[in-house]
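First the proteins, then the strands, lettered A, B, ... as listed; each starts at 1. Basis for what follows: all heavy atoms, side chains included, without hydrogens, waters or symmetry-related copies.
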Protein chains: 2
Amino acid sequence: MRTSIATVCLSGSLEEKMAACAEAGFDGIEVFEPDLVGSDLSPEEIRARATRLGLSLDLYQPLRDFEGVDEATLTDNLRRAEARFVVMNRLGIDTVLVCSNVATATVESDEVAAEQLRRLGDLAASYGVRVAYEALAWGRYVDDYRRAWRIVERADHPAVGTCLDSFHILSRGHDPADIAWIPGEKIFFVQLADAPRLTMDVLSWSRHHRLFPGEGDFDLGGFVATVAGTGYAGPLSLEVFNDTFRQTDTHRTAAHALRSLVWLQDQAARRADDRADDRADDRAGGLATISRVAPPAAVDFVEVKAEDTSAVETMLDQLGLTFRGQHRTKPVRLWSAGEVRIVLNEQHARDLEPEVAGIGLQVEDAVAAEARAGQLAVAPVPRRTQADEQRLAGFAAPNGLEVFLAERPAPGVQPAWTHEFEHGLAPEDPGCYLAVDHVNLVHTWQEHDEAVLFWTSVLGLDAPPATEVASPQGLVRSRVMRTADGGVRLPLNVAPQVSPEYPEHVALACSDIWSVAARARARGMEFLPVPDNYYDDLAARLGLDAALLDRLRSHQLLLDRGPEGEFLHFYTRRVGRVFFEVVQRAAGYDGYGAGDAPVRLASQARLDRVASVGRGRRGRS
Amino acid sequence: MRTSIATVCLSGSLEEKMAACAEAGFDGIEVFEPDLVGSDLSPEEIRARATRLGLSLDLYQPLRDFEGVDEATLTDNLRRAEARFVVMNRLGIDTVLVCSNVATATVESDEVAAEQLRRLGDLAASYGVRVAYEALAWGRYVDDYRRAWRIVERADHPAVGTCLDSFHILSRGHDPADIAWIPGEKIFFVQLADAPRLTMDVLSWSRHHRLFPGEGDFDLGGFVATVAGTGYAGPLSLEVFNDTFRQTDTHRTAAHALRSLVWLQDQAARRADDRADDRADDRAGGLATISRVAPPAAVDFVEVKAEDTSAVETMLDQLGLTFRGQHRTKPVRLWSAGEVRIVLNEQHARDLEPEVAGIGLQVEDAVAAEARAGQLAVAPVPRRTQADEQRLAGFAAPNGLEVFLAERPAPGVQPAWTHEFEHGLAPEDPGCYLAVDHVNLVHTWQEHDEAVLFWTSVLGLDAPPATEVASPQGLVRSRVMRTADGGVRLPLNVAPQVSPEYPEHVALACSDIWSVAARARARGMEFLPVPDNYYDDLAARLGLDAALLDRLRSHQLLLDRGPEGEFLHFYTRRVGRVFFEVVQRAAGYDGYGAGDAPVRLASQARLDRVASVGRGRRGRS
C-alpha cells in the first residue's frame, strides 16, 4: 500500500519536511495547516515542489468543529470550508480531513450531522474535493468510528467518506473488527499511530505520547490487516505527535517513520495471511512483505574501540580472558574465553576513550537478515575487507552502535572471522566463561523509542515492559531487548544525559564467579567498591548467614535473589565509557540484579566525583 | 515549625545532599534507604556528619509491605524490621515510616493490621523507635489516611502513630478536614508534596510529577493550617519525587525546596489566622510568617545587555523610542517612550550578544519586598552604587534574569533613577507608547517549576494554567506569570533547548500601532516577515474584508480576535537573543496572540536557517 506521513510528525520547515520525506522514500504527505500557514512558499510552489520530489499531497488537515451546529454557525463553517477548498485546489489536494466536532456542536443528532456533511459534500464536490470524516476520541458527540461511519452512511454522498485513525479507535478500546463492515471505497483515508498503554486523559495521551507503529502497545498489525481486508486502496499515513520526534533531526525521523510503516505492512500481511488460511479469502494483496528472519541466537562478539585499548586489555587479562591474536591487516586484537569474544579496535580512533562501538550477532541466515535490514531502510556500515577476509554485514543502531551479522557456526566451532587473528594464545581456561550475558547500552530519551523499533523490527528481539532504576542523577529508565531464550539480551538505559558518567557495559556469564573474582583480585584488578551498608542491607533483606555474607563482602560480590533463583555478580571500574560485569545465574534467574544498580551507580558516581554543573545566564547556550 | 526534606528529592551522593540541605537552612532530613545503602559512609559517620552540619535525622524511610499479612510473613517482617532498627540506632534516628502494604497484604482487617502494628510497636519501643504508619494512595487495603488513623487508634500503642502525606491524601481527593480530629501528639510525621492536577494513574503521577509546595494545584496552605491546628509539633518535611529535580544542581534544588516551605508556612499561617478569627482559637503558633507585600504594579524598565548595543539602539530609534541619556558613571544608556523604559548596558559584557538581562518592577514598598525576597532565600545581585545614586534591590530569577525593585513614583513622574542619565533628548512623541506590555522569558524545562514558585512566592504574581504553542522544533509550553490587572505580564516559555533560536522578547504596548509600524518602516526597519499564507488563512478564519486584509499585509501586522476583543501586533527581527514586539490591545483583549506564535517561530527559524544537528556515536558527550 502507499505510504504517507503527516507533516506534523516532523521538525523543521515545510520544505525541510518535504525533502526528508522524499529522501526516506515516502509516497506522499498530509499537509498540516500550521505548516502551510507558516511557510513562505505559495501553495502553487508547494505543489510544484511536491511534484518534483515525487511526493503526492494526500490530505489537507483538518477542518475542525464543523458538524452538529446551528444554522448560523453552519453558514460560517461552509464559508470557512470554501476558503480551504480554494487553497486545496491551489495545492492540488483532493481530500480534506473533517474531525468530529469537539467545541461548537450543540445538536446531538446523526441526522443533522449527516445532513450538514451532505451540504459540505456538495460544496466540496464543486471543487473536486472529497471529505473524510473522522471520529476524534474526545469528540463532543461523535467519539466512536462506528458512529462516524453511520453518519457517513446516512449522508450518502459520493464526496463524503470516513477516515479511520488507529489512535482514536484503539485508545478508546473500541473493537476494530467492525471496520470489516465498511466498504473499502468509503474509507477515504487511514491514519496510523501507536501508543503506550497509559492511564491518563486521552487528549494528553494523544498529544504527547503517540508513537510510531511497533513502539507502543496497540495491535496495529491486526488493525491494518482488517483495513486491507475491506479493499481500501488509499495510503497508510502516519500521524504521530510526540514531544520527542519534533526535536529530532528531520531526515532521521523520516527514515525512522518509514521503517515503522514497512514493518507494519509486513506484520499486517502475516496477519492477513493467517486469516486468509482460515477464511479462504485473501483480499489483502496490497500489503508489501519483507524478508523474514529468525531472531539472533547469540552474541558473536563485542567490539570496544579506543585510541589506546591497553587498559581494557589489562582488565580482560585480569578477568581471565585470553589474548587470541592480532588481526592480519588492521590494528585490531581479539580476546576470548568460551563463547565470550571481545574485539579491541584501535583503527580510526584518534582521541577516543574506550567505548562499546559494535556488537556481532549470530543469525541463522545472514543474507536474509541483511536483506531485511535494507528493506527497513537501515543505514549500512561501510567496512573495508581485504581479500579472503570474512565480510560481515553491518549497520548502525539508533545510538550509533554498529551491529554486525554473522552466520552461526556449528557447535564448538569458532566463527570463521576469528581465523584472521594471528600470534595469539590457545584458550587457557575455557571451562569457566560461557558467553556474553548481556550488553547494556545507553540512550538519550530521544533515541529510546527509535531503538525499540530498530531492535524489534530489524532483528526480531522482544521488548518487555520497561523498569526504572534510581541513580544519583534521577530515575534511569531501562528496557531489555532480548530473545525469548535469553541468548541475546540488550538492556537499553535512558540516561538523563549521555556522558562518561553513564558508561555502557558488557556482562560476561560464567559458571564459577567465585573463582573468577578470586583470580581477578590475585591479578590486581580493582573492583568497583561495594559499600558495607550494602551488605548490612542484604543481611536485613534476605536474612543471610554470616559466613555467606563475609564471603560476599570479601569478594565484593553482589547478590540478587528472586522467587526463581539467584544472581551473583561484580563490576569492574570503568575505562573510558565502558566497564565489565561478571555474572552467574542460578536456578532460572532471569533478571539483571536491577535492585543492585543504584548501589553500582552511586559507587561509580563517587569514583567519578561528578562536578555540579555551573549555571548562569550567560553560560546557557 | 521545623523544616525537613527527604534525601530522595535531591541529586548526588548522601554527603552532597546533606551539605546542600544544611547550607540551604533546613533543620533536618529524612534518610532515604537507597541513599544509605549506596553510601560508603558508615551509619555512625553519617550521624556524626549530621551533628556537625546541625541537621537532625528525622525519619528513616520506609519499611514497606508490613501489615495485613499471614503469621509466617509477619515473623519475617519483624526480623527485617529489627535489622532496620539496629541501623536506625546507629544513625540515631527515632522514627521509622511504615507505608501501608501494597504487595503482600492478604488479610483485609483493621483489627489484624492494628494487632500487627502493635507487635511492631513493642519491638520498636525496645529500640527507642517510633513507628509512623502512613496510607499510600495505592495501598492494597489501606489507601485513606482516615483508615490508617483508625488502625493506629485501634493499635493503641505509645510507639505507633500516623504519618500524613499531602500527596497521598489530596491526590485521592480525600478531604483533609478530618485531620483536625487526630490528636497532634499521635501525628508522628508530616510529609508534603504538591502536584499538578493530572488525570492519570496515581502511582505514575506520584512518581514522576510531584512538585514543591506552591508549584502545583493542591491547597497545601489549608492542609498545613489544619495540621498545625492539631498541635502537631514535628517537622514539615518535603517528599517530592520528580524527574526534574534529581537532574538539577543539588544546592540549587535545596534552596528552591526550602523557599517552598518558607512560603508554605506563611500561607498556612494566614489561613490559620483567618480560621482563628472565626473560631477564636489560634493553635497554629508554630508557623513562621514572612513580610507581606502587594504584587508589583508595573514594569519599571527592561535591561538589555551586550558588548555592543548599537544594533538595539538602531531598532529602538526605528520603533520611535527616544534616547534619554548616558549614565553618569557607567556604560549604560536609557531609551524611553511613555512608561516604556529600555536600559542598554555594555558593562561587563565582553563577547555577549544582546539579551534580556534584567527587569525592574515598580512596587509599593521596596524595603518590605526586599525583606521578603531575603526571607525566601533568594540570592541578591550585588550592584555597585556610587554616591547619590539610587540603590535598587536586585536578585536573580531561576533563569538568571536579574530582577530589580523600585518604589512606584507618583503618576506622571519619572522614576528617580532616570535622573542619573545625562545628555539625552526630551521625549519626542509621548502619546503613542503606553508601557511594557509583557516580557517573554525562555526557560529550560528544568527551570520552569522553580520559576513559577519564584514569581508567585517572591513577587506575588499569579500563575494561570499553561498553554502549548507549536514551533518548528516541537511544542513550546507557555505559562504567563501576571498580576490580576495585567500591569505585569511575564510569559514563561519552556523551549526544547535554550539557544539563540529561542530568543526572549519585550512587547511594547501602544495606542496606535498603524502609525508606529508606518514610521518604523519609513525609518528603514526590517520587520519579521509574515508569509502571504498567513493572510490567506486569516481571511478564511475571520472573513475579513479585502481592504483591512491589504492594510494588514502592507504593514506586516498580525491580528488575533477573541470573543472579548482584538489584538494587533508585529515583531522585529532578532538581535542576538532578543527581539521586540509592538502590540495594541482593543476592547478588553487579554491574551498574547498565541495563535500567531507558530507563524512567528517559523519565520524566525527561516531567518536563522537552523542547521540540523549532526549526530554520531563519537560526538555525543
Side-chain angles (χ1 to χ4, degrees), chain A residues 11-13 33-34 36-40 42-43 76 79-80 83-84 87 198-201 243 246-247 249-252 352 355 357 399-401 470 472-475 496 498-500 529 531-534 536-537 539-541 543 598-599 601-603 605-606 612-613 615-618 620-621, chain B residues 11-13 33-34 36-40 42-43 76 79-80 83-84 87 198-201 243 246-247 249-252 352 355 357 399-401 470 472-475 496 498-500 529 531-534 536-537 539-541 543 598-599 601-603 605-606 612-613 615-618 620-621:
Chain A
S11 66
S13 68
E33 188 177 65
L36 172 67
V37 173
S39 174
D40 64 349
S42 71
D76 192 53
R79 183 197 59 70
R80 281 196 298 132
R84 304 299 182 204
V87 172
L198 295 174
T199 309
M200 66 190 303
D201 72 284
D243 296 344
R246 301 204 46 190
Q247 295 179 38
D249 174 74
T250 313
H251 288 264
R252 178 173 171 167
L352 188 65
E355 66 172 30
N399 65 343
L401 183 78
Q473 269 67 48
L475 291 177
V498 174
S499 66
D532 276 349
N533 296 337
Y534 172 80
D536 291 349
D537 179 69
R541 276 193 288 126
V599 175
L601 289 161
S603 191
R606 213 157 27 241
S612 305
V613 178
R615 313 184 81 245
R617 197 155 183 80
R618 293 188 53 185
R620 291 190 307 169
S621 67
Chain B
S11 66
S13 68
E33 188 177 65
L36 172 67
V37 173
S39 174
D40 63 349
S42 71
D76 193 52
R79 183 197 57 72
R80 281 195 297 131
R84 303 300 182 204
V87 172
L198 294 173
T199 309
M200 66 190 303
D201 73 283
D243 296 343
R246 300 205 45 190
Q247 295 178 38
D249 174 75
T250 312
H251 287 264
R252 177 172 171 169
L352 188 65
E355 65 173 31
N399 66 342
L401 183 78
Q473 268 68 49
L475 292 177
V498 174
S499 66
D532 276 348
N533 295 337
Y534 171 80
D536 291 349
D537 179 69
R541 277 193 288 126
V599 174
L601 289 161
S603 190
R606 214 159 24 242
S612 305
V613 178
R615 313 184 81 246
R617 197 152 185 82
R618 292 187 54 188
R620 291 190 305 169
S621 66

For this session: Mind listing the closest non-hydrogen atom pair of B:R80 and A:A540 along with its distance?
Result: CG-O, 3.4 Å
Exercise. Where does A:R79 contact chain B at under 4.5 Å (heavy atoms): side chain, backbone, both or neither?
Worked result: side chain
Exercise. Is it the backbone or the side chain of A:D536 that comes under 4.5 Å from a heavy atom of chain B, or both, or neither?
Worked result: side chain
Exercise. Would you say the side chain of B:L36 lies within less than 4.5 Å of the side chain of B:E33, judging by non-hydrogen atoms?
Worked result: no
Exercise. With side chains defined as the heavy atoms from C-beta onward, is the minimum distance between A:N533 and B:P43 less than 4.5 Å?
Worked result: yes
Problem set entry | A:D40 CG to A:S13 OG distance, which is reported to the nearest 0.5 Å | 8.5 Å
Problem set entry | Nearest-0.5 Å distance that lies between atom CG in B:D532 and atom OG in A:S42 | 8.5 Å
For this session: Using a cut-off of under 4.5 Å on heavy-atom pairs, state which of B:P529, B:S39, B:P34 scores highest against chain A.
Result: B:S39
Exercise. Which one of B:D76, B:V599, B:D537 has the most heavy-atom pairs closer than 4.5 Å to chain A?
Worked result: B:D537
Problem set entry | Most chain B-contacting option - heavy-atom pairs closer than 4.5 Å, from A:P598, A:A539, A:G543, A:S603 | A:G543
